[in-house]
Amino acid sequence: MKYISILGSTGSIGTQTLKVCENINISIYALAANTNIKLLEKQARKYKPSVVCIYDKNKYKLLKDNLFDTSISVLSEMEGLIEISKSNNYSMLVNAIVGMIGIEPTLEGIKSKKNIAIANKESLVTAGDIINEYSKKYNTKIFPIDSEHSAILQCLRGNKLSQVNKIILTASGGPFRGYTYDMLKNVTLNETLKHPNWIMGKKISVDSATLMNKGLEFIEAIRLFDIDSSKIEIIIHPQSIIHSMVEYDDRSIIAQLGLPDMKIPIQYALTYPDRIIRDDISLNFDNFLNLTFEKPDIETFICLKACIKAIEKGGLYPTIVNGANEQAVDLYLKNKISFLDIGKIVYKSLDININRNQVDLKNILYADKISREFVLSNI
C-alpha cells in the first residue's frame, strides 16, 4: 500500500488526485488546505488521514473541534505544512497549493527524501533551480502534474535530451482566443472564468485567459527539463487534445494525445513508470476530425511576453513577474482592476530594479514581496 500526502487537497487538482487514489489503491497520510474547512473536514472523514492542516490559523480551532471525535491530528499555518512535508510516514508529496507558499514545503519534502508530484507552478517558476539542486542532492524525483509537462515527460521517455531539437508547448488559447485588444476592454470576470476545455480554480482560470499560465509553463519547462528557452516553441491548439510535443534532431515529432482530463497526468505522476488501467472514456477521433494550430498573440496577451522577457533578463525576474501576476489576479478577482490591467501591470513589473543577483530562498521571497508592493502602488 502506497501512502501520499496532498497539499491543496480541496482545490481542483487536489480533489481530482483523491479520486485517482481511490481507483489505484493509494492511501492518504495527510491532507492540507488553505481556507476550505468544510470540504477538508469532509475529506478527512472519508479518507481517514493521520494528519490534516488548515493554513488559515483563524480556522484551526474550529477544524480541531469539528474533528474531536477522530484520532486525526490537526495542524495549521506554514509550520503545519512543513511538519507534513518532513514526516517519514509516506513516500510521495503532492504539491497542489496555489502560490509562493508551496516553495518551503516542497524543499522540506525533498530534504526528507520524498518524490514530489508538483502542480504548484509558482514553486518551479521562482525556485526551480533550487528545487532541482535539492532533488539531485537528496536523490529524489520531481513529477509534473501539468498536462503539458506530463506530456513532455512522456514524449521524452526512452530518448536522450541531447537529441531534442525543440519542445512544442501547446496552449488552448483560453476563453478569449482570437480577441483583439479592443475586444478585451469590456470582458467580465464570469467570461474570464469560463474556460472552453478545462475545469480549474479561479486563479489558474484567469491565468489561462491572460496566457500568463502558458508563460509560467514556459518557465517551468526550462526548469523541469533543463533545456534552453530557445528550444521551446509555444503554439495555440484550441482543441486541447495534443498536450505537447517533442521534436528530435532527425525532425521526428512525438506527441502525447488525450482528452482534456487532469486525472491522466495525475495518475501518471503517482504511478510512474507504470501505467494502470482506467475505465474512463477513451479519445474518439470521430469527435475531433480537425486539430488546428496557430501562433499566440503575445502583443495582445502581454503576460506571455512578460514571462519570455523575464527569462531573458534572468536572475530574480521570473519571481518578479510571478509575484506581480499573483497580486494583480487577486485584485482582478476582487473587481479592483480590469482584465487588461493584469497584463499591463505584470509587464511593467519588469522595470523593477533589483540588484540582488543571488537566486536563493531569501532573495526569492524578497523579490516576491517587492513585486507585490509594486503592483499595489501602481493601481
Side-chain angles (χ1 to χ4, degrees), residues 7-15 32-40 54-60 62 76-78 96-103 119-123 125-126 174-176 179 181-196 198-216 300-304 306-307 310 318-352 365 367-379:
L7 308 183
S9 67
T10 59
S12 176
I13 295 297
T15 54
N34 186 11
T35 61
N36 194 340
I37 189 173
K38 184 176 181 180
L39 181 53
L40 182 58
I54 187 75
Y55 188 76
D56 185 346
K57 65 179 181 180
N58 296 319
K59 297 187 177 182
Y60 167 75
L62 179 58
S76 182
E77 301 182 79
M78 181 59 72
I97 294 174
V98 175
M100 293 282 290
I101 63 171
I103 296 177
N120 179 230
K121 286 180 168 59
E122 296 83 2
S123 290
V125 167
T126 63
F176 304 134
Y179 277 44
Y181 184 88
D182 286 340
M183 293 168 68
L184 291 171
K185 287 180 179 178
N186 299 311
V187 298
T188 67
L189 177 57
N190 285 337
E191 290 172 328
T192 303
L193 297 177
K194 289 180 181 177
H195 194 282
W198 299 93
I199 298 173
M200 305 179 293
K202 288 184 178 181
K203 197 267 182 181
I204 193 172
S205 293
V206 176
D207 285 349
S208 180
T210 63
L211 291 194
M212 182 70 185
N213 189 50
K214 203 52 50 181
L216 296 176
T300 300
F301 296 89
I302 59 174
C303 281
L304 175 53
C307 289
T319 300
I320 292 288
V321 294
N322 177 78
N325 179 69
E326 279 194 42
Q327 188 64 65
V329 170
D330 181 66
L331 292 170
Y332 177 65
L333 290 171
K334 294 174 180 175
N335 292 307
K336 293 184 177 180
I337 62 173
S338 72
F339 180 83
L340 286 172
D341 286 336
I342 301 172
K344 291 176 184 176
I345 292 169
V346 171
Y347 197 80
K348 192 176 180 181
S349 72
L350 288 163
D351 293 332
I352 294 173
L365 295 176
D368 178 69
K369 177 176 178 290
I370 65 169
S371 68
R372 293 170 189 272
E373 292 172 349
F374 174 85
V375 171
L376 293 173
S377 65
N378 280 273
I379 58 171

| request: Using the side-chain contact (heavy atoms from CB on, under 4.5 Å) rule, take L62 and I54 through it: C-alpha gap first, then chi angles, then the decisive distance, then the call. | output: CA-CA 10 Å; L62 179 58; I54 187 75; over 6 Å; no
| side-chain contact (heavy atoms from CB on, under 4.5 Å) between E77 and Y60, worked out | CA-CA 9 Å; E77 301 182 79; Y60 167 75; over 6 Å; no
| said: Please evaluate residues K121 and I204 with respect to the criterion side-chain contact (heavy atoms from CB on, under 4.5 Å), reporting the C-alpha separation (whole Å), side-chain torsions for both, the decisive distance (0.1 Å), and the verdict. | reply: CA-CA 10 Å; K121 286 180 168 59; I204 193 172; 3.8 Å; yes
| Yes or no on side-chain contact (heavy atoms from CB on, under 4.5 Å) for E326 and V375, after CA distance, side-chain angles and deciding distance? | CA-CA 10 Å; E326 279 194 42; V375 171; over 6 Å; no
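Listed by chain and residue number, K185 satisfy the salt bridge (Lys or Arg N to Asp or Glu O under 4.0 Å) test with D182 (two or more places apart in sequence, or in another chain). K202 meets the side chain to side chain contact (heavy atoms under 4.5 Å, CB included) test with L193, L333; sequence neighbours excluded. Residues passing the salt bridge (Lys or Arg N to Asp or Glu O under 4.0 Å) test with K203 are E122, D207, sequence neighbours excluded. In this structure, S377 has no side-chain hydrogen bond (donor to acceptor under 3.5 Å, both in side chains) partners at least two apart in sequence or on a different chain. With sequence neighbours left out, the salt bridge (Lys or Arg N to Asp or Glu O under 4.0 Å) criterion links E373 to K369.
A donor-acceptor contact shorter than 3.5 Å links the side chain of N120 to the backbone of G99.
Closest approach of A324 and S371 over heavy atoms only: N-OG, 3.5 Å. Annotation for M78 and Y55: closest pair N-CE1, 3.6 Å, computed over non-hydrogen atoms. Closest non-hydrogen pair, V321 versus C307, comes out as CG2-SG, 4.5 Å. Nearest heavy-atom pair, I101 versus V98, reported as atom, atom and distance to 0.1 Å: CG1-O, 4.2 Å. Between P196 and P175, the shortest heavy-atom distance links the atoms CD-N, 3.7 Å. In terms of heavy-atom proximity, G343 sits nearest to C303 at CA-SG, 3.6 Å.
Residues F374 and K348 have side chains in contact (heavy-atom distance under 4.5 Å, counting atoms from C-beta outward). The shortest side-chain heavy-atom distance between L216 and N322 falls under the 4.5 Å cut-off. Side-chain atoms of L40 and S9, non-hydrogen and from C-beta on, do get closer than 4.5 Å to each other. Counting heavy atoms from C-beta outward, V187 and Y179 have side chains that approach closer than 4.5 Å. With a 4.5 Å cut-off on side-chain heavy atoms, T35 and T10 do not count as touching. Two residues are said to be in side-chain contact when any heavy atoms from C-beta on lie closer than 4.5 Å; I342 and I337 meet this criterion. In this structure, the side chains of I320 and L350 stay at 4.5 Å or more apart for every pair of heavy atoms. For the pair T210/T192, no side-chain contact is recorded, criterion being any heavy-atom separation below 4.5 Å from C-beta on.
To the nearest 0.5 Å, atoms OG (S76) and NZ (K57) are separated by 8.5 Å. We find the CZ-NZ distance between F339 and K344 to be 12.0 Å, quoted to the nearest 0.5 Å. Between atom CG of residue L184 and atom OG1 of residue T300 there is a gap of 7.0 Å, rounded to the nearest 0.5 Å. Note: L7 CG to N34 CG = 11.5 Å, rounded to the nearest 0.5 Å. Note that the CD1 atom of I97 and the OG atom of S123 stand 7.5 Å from one another [nearest 0.5 Å]. The distance from the OG atom of S338 to the CD1 atom of I379 is 11.5 Å, given to the nearest 0.5 Å.
The salt bridge (Lys or Arg N to Asp or Glu O under 4.0 Å) analysis of residues 330-339, with sequence neighbours excluded, yields the pairs D330-K334.
Each of T126, V125, L365 was scored for a side chain to side chain contact (heavy atoms under 4.5 Å, CB included) with T319, with one residue passing: T126.
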